[in-house]
Amino acid sequence: MSGAEAAPAARPGAVGRAWSASPWVPPAVAIGLVFVLVAAALLKSGSGTITGQAVLTGLVNGGVYSLLAMGLTLIFGVLDIVNFAHGAFLAVALFTTYQFVASTGANPYVALPLAIAALFALGALAQWALLNRTMGRPLESQLLLTLGMSLLVSNLLLLAFGGDPLSVAVAGDHGVHLFGAVANQTRLIAFAGALVLAAGLYVLLSRTRLGRAIRAVAASRQGAGLVGIDVRKIYVLTFGLGTACAGAAGMLIAPFTTITPTAGDQFNILAFVVVVMGGLGNVAGALISGIIVGLVEQLGGVLLTGQSPLFGVFLVFILILVARPQGLFGARQ
């Protein structure tokens, strides 16, 4: 079947527009929100050390959220699929890292290429074997299929590894002092790795032939097919790239995360919050919104003591959507 025959009707672009002509959003909105939260946390705690610790931890966590959400929003932007299995794929990466370390005794960061390659292959296989059959069908078909994939993966992990929490230890993981705050080496490595991989994804999308093909399919599937792009092949590669982002995020957080078959569920929720807040299909928006969510999560814990850190995240999320339904960096349709 040719790409032109497989391509549904063109729709308003997502990834392509996000990179080539980003929608206008006042940077002061995002920056002002962060400054207000920092000032409020400083007043509430009365301690620059506590506030600085919250900011540092928020930045570190936000980098990982950004990487995970970029994969999710890439899939939506090109395939128009809301992927409920994204968190389950992250859990697969967690267990892949655990099994690699348990079998070889090597440093877990050696497993990063393995996690990326394994999750790329798993995502590409899922798209080729299952999701390609639902392209062009009603949205609920894809939603139910990805939800079913999530339940299947979680239960397979439960059968294979059991329900007991597992962990991956890194030798010499001591704290690093930065501007009066402290962060473990593993968290700083996760933050730096997430930013490097996000930059790599940007270069791939904006500077390579594959990236141009992905952006062409995101802008107009019919048009991409007419100029000879194999649309179904791009679907497979894009879904593989999106799940590879989940694989990278899973490996990077494995040293400081409790590993269970359902470990990806909370990250899945946060990834959806980041994606919607940044603007559905906007990869650059996911990067910035991930940092914002990480900061809100930690600063909210300082402001709202005794409450779940996610309470502040969802509160800000609702307020942003009320004021700007298309998200901070989304274009008004």
Please check this pair: side chain of [X] against backbone of [Y], looking for a donor-acceptor N/O pair closer than 3.5 Å.
{"X": "R207", "Y": "Y202", "result": "no"}
{"X": "T146", "Y": "L143", "result": "yes"}
{"X": "T208", "Y": "G211", "result": "yes"}
{"X": "R324", "Y": "M277", "result": "no"}
{"X": "T73", "Y": "G281", "result": "yes"}
{"X": "R215", "Y": "L205", "result": "yes"}

Provide the closest heavy-atom pair for [X] versus [Y] in the form atom of the first, atom of the second, distance.
{"X": "G77", "Y": "A218", "answer": "O-CB, 3.7 Å"}
{"X": "L252", "Y": "G193", "answer": "CD1-C, 4.0 Å"}
{"X": "G71", "Y": "C245", "answer": "CA-CB, 3.8 Å"}
{"X": "M70", "Y": "A198", "answer": "SD-CB, 3.7 Å"}
{"X": "G247", "Y": "A93", "answer": "O-CB, 3.4 Å"}
{"X": "N83", "Y": "F239", "answer": "ND2-CZ, 3.7 Å"}

Atom [atom1] of [X] and atom [atom2] of [Y]: how far apart are they, to the nearest 0.5 Å?
{"X": "L79", "Y": "Q127", "atom1": "CG", "atom2": "CD", "value": "4.5 Å"}
{"X": "I229", "Y": "R212", "atom1": "CD1", "atom2": "CZ", "value": "10.0 Å"}
{"X": "I116", "Y": "M251", "atom1": "CD1", "atom2": "CE", "value": "9.5 Å"}
{"X": "L159", "Y": "S154", "atom1": "CG", "atom2": "OG", "value": "11.0 Å"}
{"X": "M149", "Y": "Q142", "atom1": "CE", "atom2": "CD", "value": "11.5 Å"}
{"X": "L166", "Y": "T97", "atom1": "CG", "atom2": "OG1", "value": "12.0 Å"}

Chi angles and distances behind the side-chain contact (heavy atoms from CB on, under 4.5 Å) call for T104, V110: CA-CA 10 Å; T104 65; V110 180; over 6 Å; no

Quick one: are [X] and [Y] in side-chain contact, heavy atoms under 4.5 Å?
{"X": "L37", "Y": "L295", "answer": "no"}
{"X": "L241", "Y": "I214", "answer": "yes"}
{"X": "I320", "Y": "L33", "answer": "yes"}
{"X": "L145", "Y": "L131", "answer": "yes"}
{"X": "L94", "Y": "I253", "answer": "yes"}

Would one find more than 12 heavy atoms of other residues, nucleotides or ligands at under 6.0 Å from atom [atom1] of [X]?
{"X": "Y109", "atom1": "OH", "result": "yes"}
{"X": "K44", "atom1": "NZ", "result": "yes"}
{"X": "F35", "atom1": "CZ", "result": "no"}

Mind checking who shares a hydrophobic cluster with [X], ILVMFWY linked at side-chain heavy-atom distances under 4.5 Å?
{"X": "V236", "result": "L125, W128"}
{"X": "V196", "result": "none"}
{"X": "L43", "result": "none"}

Steps toward side-chain contact (heavy atoms from CB on, under 4.5 Å) verdict (L114, F100): CA-CA 9 Å; L114 174 64; F100 175 82; 3.8 Å; yes

Are [X] and [Y] grouped together when hydrophobic residues (ILVMFWY) are joined by side-chain heavy atoms under 4.5 angstrom apart?
{"X": "V55", "Y": "V36", "answer": "no"}
{"X": "L158", "Y": "V92", "answer": "no"}
{"X": "L310", "Y": "I292", "answer": "yes"}
{"X": "Y98", "Y": "L157", "answer": "yes"}
{"X": "V293", "Y": "I269", "answer": "yes"}

Kindly write out the residues that satisfy ring-ring contact (aromatic ring centres under 6.0 Å, His included) with [X], not counting sequence neighbours, or none if the list is empty.
{"X": "F317", "result": "none"}
{"X": "F95", "result": "F161"}
{"X": "F272", "result": "F84"}

Result of checking L119, N268, L72 against F89 for side chain to side chain contact (heavy atoms under 4.5 Å, CB included):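 Answer to the side chain to side chain contact (heavy atoms under 4.5 Å, CB included) test with F89 among L119, N268, L72: L119.
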
Contacts of type side-chain contact (heavy atoms from CB on, under 4.5 Å), residue [X], not counting sequence neighbours:
{"X": "A41", "value": "T51, L299, V302, L303"}
{"X": "T49", "value": "S47"}
{"X": "A249", "value": "V64, L67, L68, L90"}

Pairs where residues 52-72 contributes a residue and the test side chain to side chain donor-acceptor pair (under 3.5 Å) is met, not counting sequence neighbours: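 Side chain to side chain donor-acceptor pair (under 3.5 Å) check on residues 52-72 returns Q53-T57, N61-R187, Y65-E297.
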
Side-chain donor-acceptor distances from residues 259-267 under 3.5 Å, at least two apart:
residue : atom : partner : partner atom : Å
T260    : OG1  : A263    : N            : 3.2

Set of residues satisfying side-chain hydrogen bond (donor to acceptor under 3.5 Å, both in side chains) with respect to T258, sequence neighbours excluded: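 Residues passing side-chain hydrogen bond (donor to acceptor under 3.5 Å, both in side chains) with T258: none at all.
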
